[in-house]
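Worksheet: the structure to be examined is printed underneath.
Order of listing sets the numbers, starting from 1, for every ligand and every atom in it.
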Amino acid sequence: MPTLTKLYSMEEAATHNKQDDCWVVIDGKVYDVSSYMDEHPGGDDVLLAVAGKDATDDFEDAGHSKDARELMEKYFIGELDESSLPEIPELKIYKKDQPQDSVQKLFDLTKQYWVVPVSIITISVAVSVLFSRKT
Ligand code: HEM
């Protein structure tokens with residue numbers, strides 16, 4: 001049977017940023033750690049510092065054990081609605097300017113560096129003409 005996962009926007013997660021109402025977002029998943037604040041071996045202050053925010057990097061930096069990762073499931077309440085995230089303009093531009101595939105890429109490079117093969121051919125022709133005149 002399919003399970004329904006609740007989706008939360010980053011705006012909504014951001015409102016849960018207090019000691020007694022604390023959500024953290026880790027790897028696109030939303031956790032309500034309000035009841036875990038006092039028990040967290042890393043302290044409640046570190047959780048409060050990332051309350052209502054994306055704590056993926058901080059979570060990974062702390063080097064959590066397999067047990068800790070299993071324990072997380074207890075506090076899982078839903079997933080982050082990716083469409084609620086602001087679009088990064090640089091990413092869009094980068095994507096847009098990328099050639100479609102490697103063939104296209106090679107074609108673009110050839111267009112850009114046509115001077116190199118043309119110069120090689122010109123020099124070769126000049127050298128062979130000089131040599132043929134000497135003999
Ligand atoms: C649902 C979320 C979380 C759970 C269930 C959790 C659980 C745990 C557990 C069980 C430990 C003990 C060490 C281990 O087994 O790895 C721990 C330590 C720690 N946690 Fe978390 N944690 C969570 C989120 C976070 C976040 C978001 C941060 C950072 C902002 C954080 C920072 C730390 C730190 C600094 C330690 C101490 C590491 C040490 O003393 O070596 N934790 N956590």
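Among all heavy-atom pairs drawn from Leu48 and Asn17, the shortest one is CD1-O, 4.2 Å.
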Run Lys29 and Leu80 through side-chain contact (heavy atoms from CB on, under 4.5 Å) and show every step you take. CA-CA 6 Å; Lys29 292 179 175 175; Leu80 190 67; over 6 Å; no
Please step through salt bridge (charged side-chain N to carboxylate O under 4.0 Å, His left out) for the pair Glu60 and Arg69, ending with a clear verdict.
CA-CA 11 Å; Glu60 294 303 338; Arg69 287 166 199 276; 3.0 Å; yes
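The hydrophobic cluster containing Leu4 does not contain Phe76, counting ILVMFWY residues as joined when their side-chain heavy atoms lie under 4.5 angstrom apart, directly or transitively. One hydrophobic cluster, built from ILVMFWY side chains closer than 4.5 Å, cannot hold both Trp23 and Tyr36; they sit in different ones. There is a path of hydrophobic side-chain contacts, each under 4.5 Å, that joins Tyr75 to Ile26. Val25 and Met72 fall into different hydrophobic clusters, defined by Ile, Leu, Val, Met, Phe, Trp and Tyr side-chain heavy atoms under 4.5 Å apart, directly or through other members.
Close contacts between ligand 1 and Met72 involve ligand atoms 1 (C), 2 (C), 5 (C) [criterion: under 4.0 Å to a heavy atom]. If you number the atoms of ligand 1 from 1 as listed, the ones under 4.0 Å from a heavy atom of Ala62 come out as 32 (C), 33 (C), 34 (C), 35 (C). The ligand atoms of ligand 1 that sit less than 4.0 angstrom from a heavy atom of Ala55 are 27 (C).
Residue contacts with ligand 1, taken as heavy atom pairs separated by less than 4.0 Å, do not involve Asp67 at all. With a 4.0 Å heavy-atom cut-off, ligand 1 is reached by the side chain of Leu47 but not by its N, CA, C or O. Only the side chain of Val50 comes within contact range of ligand 1, with a heavy atom under 4.0 Å; no backbone atom does.
In terms of protein heavy-atom proximity, atom 37 (C) of ligand 1 is closest to Gly42 CA, 3.7 Å. The protein heavy-atom contact nearest to atom 14 (C) of ligand 1 is Ser65 OG, 3.2 Å. When hydrogens are left out, the protein atom nearest atom 3 (C) of ligand 1 is Phe59 CE1, 4.0 Å; that is the closest non-hydrogen contact. For atom 11 (C) of ligand 1, the closest non-hydrogen atom on the protein side is Pro41 CG, 3.5 Å. Of the protein's heavy atoms, Asp58 CB, 3.6 Å lies nearest to atom 29 (C) of ligand 1.
Not one N or O on the side chain of Thr5 forms a donor-acceptor pair closer than 3.5 Å with the backbone of Glu79.
The shortest N/O to N/O separation between His40 and ligand 1 falls below 3.5 Å. Taking distance alone, with nitrogen or oxygen atoms compared against 3.5 Å, Tyr36 stays at or beyond that limit from ligand 1.
Inside a 4.0 Å radius of atom 43 (N) of ligand 1 there is at least one protein heavy atom. There is a protein heavy atom less than 4.0 angstrom from atom 8 (C) of ligand 1. Not a single protein heavy atom sits closer than 4.0 Å to atom 39 (C) of ligand 1.
Taking CE of Met10 as the start and CG of Asp81 as the end, the distance is 12.0 Å to the nearest 0.5 Å. Interatomic distance, NZ of Lys66 versus CG of Leu71, reported as 13.0 Å (0.5 Å rounding).
Closest approach between atom 21 (Fe) of ligand 1 and any N/O/S atom of His64 involves NE2.
Within the 4.0 Å heavy-atom cutoff, Phe76 does not count among the residues contacting ligand 1.
Side-chain polar atoms of Asp32 and Ser34 form a donor-acceptor pair below 3.5 angstrom.
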